Amino acid sequence: MRAVLGIRRWRHNPVCRATDRHEAWAALVALLLMLLAAPAIGWKAGSLTDDTLQRTVRAQHERLHLTTAVVVRPASSTSRFVRDPEAAVTEGPIRTSVVAGWRAPDGTARTGTVSTESAKTAPGARIRIWTDGRGNPAMRPMDTSTARTHAVLAGMGAALLAGGLTETARRLAVWRMMQRRYARLDRAWAEVGPDWGRTGTGS
């Protein structure tokens, strides 16, 4: 920000170096990009991600079916508890694995190990499970709110990444300008240095 504010101050400053002005303009351009371009990139990325995930949600809900299953017995102790993959985002509860029986969409009876969020898992309890078109157990499809949360996170990540890349590019540009400044100083010193302190001695 000091470099940006220095553009006006340095405009008529007789000791202002060209690299000072260039550094200030680089800072101003970077600031504008971070304030305008980065949010626009984040919004666009979030919007595209949301469109894609919403299509996925609709496809999953068309392909999967919600049905009622009857608990037969608890599952084995090695697979008793599983974590819903969406729990990291939605803070969903731990799902309990049970052996249950249900009917496939074609009416055939099925039995297998399924997971449920229901607290009632005693034998004979009714639980709701998701199955595919052939009646096999399936993970719960993504819902609209979860898809939107993922899209928001994707947009924020894209905006932060764009801002970080902009700042990195600014720092690289300033570093390059500083290297050129030092190189010019070295050349100037090489030309004047041998005569330093001997002016007027007649040598």
Side-chain angles (χ1 to χ4, degrees), residues 1-61 63 82-94 139-203:
M1 286 299 297
R2 288 195 301 269
V4 173
L5 296 175
I7 293 178
R8 182 177 180 181
R9 184 176 68 252
W10 292 341
R11 183 178 302 173
H12 305 294
N13 192 329
V15 297
C16 176
R17 297 165 298 189
T19 52
D20 294 329
R21 290 191 296 270
H22 295 162
E23 182 178 344
W25 281 113
L28 178 60
V29 171
L31 178 62
L32 292 176
L33 288 175
M34 286 189 283
L35 291 179
L36 301 177
I41 292 174
W43 178 85
K44 186 64 175 180
S47 178
L48 293 175
T49 303
D50 185 61
D51 291 342
T52 301
L53 291 179
Q54 294 301 333
R55 288 196 297 269
T56 301
V57 168
R58 290 191 293 270
Q60 288 181 350
H61 281 268
R63 180 173 54 86
V82 295
R83 172 70 70 176
D84 191 330
E86 295 181 5
V89 175
T90 62
E91 296 297 331
I94 294 177
M139 293 297 298
R140 178 170 61 90
M142 183 183 298
D143 54 38
T144 302
S145 61
T146 301
R148 186 145 295 127
T149 300
H150 283 291
V152 170
L153 293 176
M156 293 175 60
L160 291 174
L161 179 60
L165 291 176
T166 300
E167 175 61 13
T168 300
R170 185 195 70 82
R171 289 177 179 271
L172 287 175
V174 171
W175 176 82
R176 184 59 179 168
M177 285 188 286
M178 292 292 292
Q179 294 299 311
R180 291 180 178 178
R181 179 187 301 173
Y182 293 149
R184 285 195 295 269
L185 288 174
D186 289 340
R187 288 195 298 269
W189 178 256
E191 294 174 0
V192 178
D195 294 329
W196 183 259
R198 294 188 295 173
T199 303
T201 61
S203 59

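Small disclaimer: the values here were computed from a predicted structure and weren't measured.
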For the student: nearest non-hydrogen atoms of [X] and [Y], plus distance:
X	Y	answer
Q54	A147	NE2-CB, 3.7 Å
A154	T49	CB-OG1, 3.7 Å
G163	M34	O-SD, 3.7 Å
T166	L33	CG2-CB, 3.9 Å
A45	A158	CB-CB, 3.6 Å
M142	H150	CE-CD2, 4.4 Å

Checklist line | Exam field: side chain T149 to backbone S145, donor-acceptor pair closer than 3.5 Å | finding: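 It does hold such a pair.
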
Atom [atom1] of [X] and atom [atom2] of [Y]: how far apart are they, to the nearest 0.5 Å?
X	Y	atom1	atom2	result
D143	L53	CG	CG	11.0 Å
R180	W175	CZ	CH2	10.5 Å
H61	T56	NE2	OG1	11.0 Å
D50	T144	CG	OG1	9.0 Å
M177	Q179	CE	CD	11.5 Å

Margin query: My understanding is that only residues two or more places apart in sequence, or in another chain, count here; which of them pass salt bridge (Lys or Arg N to Asp or Glu O under 4.0 Å) with R63?
Written below: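 With neighbours one apart ignored, the set is empty.
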
